Amino acid sequence: MEGVKDFSPTHTFECGQCFRWIKEGDGSYTGVVKGKAANIRFHDGVLVLSNTSLQDFKDLWYDYFDLGRDYSEVKSRISKDGIMRKAVEFGHGIRLLKQEPWEMLISYIISSNNNIPRIKNTIKTLCRLYGAEIRFAGGSHYTFPTVESLASSSIEGLNICGGGYRCKYIAKTSRMVRDHEVCLEKLAGLSTGEARSELMRLPGVGAKVADCVLLYSGTKHDVFPTDVWVKRVMERLYFHRTARFEEIQSFAREYFDGLAGFAQQYLFYYARENKMGVK
DNA sequence: TTGCAGGGGTCAA
DNA sequence: TTGACCCCTGCA
C-alpha cells in the first residue's frame, strides 16, 4: 500500500501494545495475526507486506493496522500542551493495532507484576506448546492458542510456560471464556464502564489489564491504562505531586475527551524510551 | 559464579 | 490500605 502516513513499524511494535512481532536483521518485522504469518517493511510511505494476498490485506491487515483512521487529526486533537506535543512528536509513527481480544486478555494477565523479557518468553512458549505451527520464511511460527486449547489444558501443563502464579489465572479465565461466563464478542456493544466491569469478573484481570484489553483490541479508545510508568509520568508532568489511580484516570478521560487511549500510548512510549518513569 | 533486588498488577485480608 | 505472590532477568 502506498501513501501511508503517520506510520512507523518501530514505533507501533515497540510502544508496548504487543509482544509477538519480531524485529529482523534488516529492520523489518515478522508476526502472526489470526493464523496468518507475514513480514512487514515500511519505507517512504510505502507499506510492504510479504506473504499476503490483496484479499488478506483488505480483510485483515488494513483493519489490523487501523489504516482507515486519520492519525494526523488524532494527534492534533490530543496535542493539548507542550508535554503532549513532545510525546506525539517522539512517537509520531504509533498506530493502535486492532488485535484479538482473546490474545490481549491472556497476554496482559501474564504482564502483571512481570518484566518484558519474561512476558515475551512466556507468551512465546504458550504459543509453541498450544498454538498451531506455521512454516514461513524458513522458520517455524505459531498461532496464538485458541480458547478451547487453553481451557482444556491442565495447570501442570500451563506451568511449563513460565508464567508462575499467573498460570492459574489463565486456566480459570480460559474456562470462563469457553463457557461464555464472560463473552468477549459482546464487549464492543457495552459502554466502556460496563465492558471494563465485565472483564474484571475474570481472575487475574484488574483495572489495568481490562483497560489494556479494551484499548489494544481497538474496542474502546476512551480508556487510559494506568501502570506504574504512566502513573509516574502523569505525577511528574501534570500533577507535580503523588496522585491516586482514580484521580489520574478521571483527569485523563476529561482532558483528552474520548481519545485518552491514544494519548496514553504516546505518553507511555515517550516516558519509557526516555526513562522518565525511573524512580 | 553466586546472590539478590525488582518487575507494564491482582487478590485477599 | 497493605503485603504476598512465581520466578525469570539483569546486574553487582
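Proteins come first, then strands; the chains are lettered A, B, ... in the order of their sequence lines, and each starts at number 1. All of these numbers come straight from a predicted model, not from anything done at the bench.
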> Does A:K23 make a cation-pi contact with A:F13 (under 6.0 Å, within 45 degrees of the axis)?
Replying inline: no
> What is the nucleic acid contact for A:I110, judged by heavy atoms within less than 4.0 Å: base, sugar-phosphate only, or nothing?
Replying inline: nothing
>> Pick the closest DNA chain B nucleotide for A:L202 and for A:Q264 by heavy atoms, then say which residue is nearer the 5' end.
In response: A:Q264
> Just checking, is any N or O donor in the side chain of A:S149 or A:T146 under 3.5 Å from an acceptor N or O on the other one?
Replying inline: yes
>> Counting the atoms with a prime plus P, OP1 and OP2 as sugar-phosphate, which does A:K168 contact under 4.0 Å by heavy atoms, base, sugar-phosphate, or nothing?
In response: sugar-phosphate
> What is the distance from CG of A:N115 to P of C:dC5, rounded to the nearest Å?
Replying inline: 19 Å
>> Any base atoms under 4.0 Å from A:Y269, or only sugar-phosphate, or nothing? Heavy atoms, all strands.
In response: nothing
>> Taking B:dG8 as the reference, what is the distance to C:dC11 when you measure between their P atoms (whole Å, please)?
In response: 13 Å
> With distance as the sole criterion, do the side chain of A:Y169 and the base of B:dG9 form a donor-acceptor contact below 3.5 Å?
Replying inline: no
>> If the threshold is 4.0 Å, N to carboxylate O, is there a salt bridge linking A:D66 and A:R95?
In response: no
>> Distance check needed: B:dG7 P versus A:I116 CD1, whole Å only.
In response: 12 Å
>> In whole Å, I'd like the distance from the CD1 atom of A:I123 to the P atom of C:dC8.
In response: 16 Å
>> Side chain of A:W229 only, heavy atoms from C-beta on: which candidate in B:dG8, B:dC11, B:dG9 is closest?
In response: B:dG8
>> Determine whether a donor-acceptor pair (one donor, one acceptor, N or O, separation below 3.5 Å) exists between the side chain of A:R118 and the base of C:dC6.
In response: yes
>> Base, sugar-phosphate or nothing for A:P225? Non-hydrogen atoms, less than 4.0 Å.
In response: nothing
> Tell me: CZ of A:F245 to C1' of B:dG8, nearest whole Å?
Replying inline: 11 Å
>> What contact category does A:G204 fall into here, base, sugar-phosphate, or nothing, at under 4.0 angstrom with non-hydrogen atoms?
In response: sugar-phosphate
> To the nearest angstrom, how far is A:E246 atom CD from C:dT1 atom C1'?
Replying inline: 12 Å
> Of A:Q265 and A:P203, whose nearest nucleotide on DNA chain B comes first from the 5' end?
Replying inline: A:Q265
>> Looking at the base of C:dC5, is there any donor atom on it, or on the side chain of A:R166, that sits under 3.5 Å from an acceptor on the other one?
In response: no
> How many Å lie between NZ on A:K120 and C1' on C:dG10, as a whole number?
Replying inline: 16 Å
>> Taking the minimum atom-to-atom distance to the side chain of A:N114, which one of B:dG7, C:dC6, B:dG8 wins?
In response: B:dG7
> With no hydrogens and no angle check, do the side chains of A:Y64 and A:D59 hold a donor and an acceptor under 3.5 Å apart?
Replying inline: no
>> With a 3.5 Å limit on both atom pairs, tell me what C:dA4 is paired to, counting Watson-Crick and G-U wobble, or say none.
In response: B:dT10
> Rounded to the nearest Å, what distance is computed from the CZ atom of residue A:R232 to the P atom of nucleotide B:dG6?
Replying inline: 11 Å
>> Quiz question: by atom type and distance under 3.5 Å, do the side chains of A:E235 and A:T242 form a donor-acceptor pair?
In response: no
> Between A:D26 and A:R41, is there a salt bridge with N-O shorter than 4.0 Å?
Replying inline: yes
>> Please classify the nucleic acid contact of A:N121 as base, sugar-phosphate, or nothing, using heavy-atom distances under 4.0 Å.
In response: sugar-phosphate
>> Pairing check on B:dT2: which nucleotide meets the Watson-Crick or G-U wobble criteria with it, both distances under 3.5 Å?
In response: C:dA12
> Given the P atoms of B:dA13 and C:dC6, what is the spacing between them in whole Å?
Replying inline: 14 Å
>> What contact category does A:V205 fall into here, base, sugar-phosphate, or nothing, at under 4.0 angstrom with non-hydrogen atoms?
In response: sugar-phosphate
>> Can you confirm if the aromatic rings of A:Y130 and A:Y142 lie within a centre distance of less than 6.0 Å?
In response: no
>> Over all strands shown, is A:F19 touching base, sugar-phosphate only, or nothing at heavy-atom distances under 4.0 angstrom?
In response: base
> When the distance from CG of A:N113 to P of C:dT2 is rounded to whole Å, what number comes out?
Replying inline: 17 Å
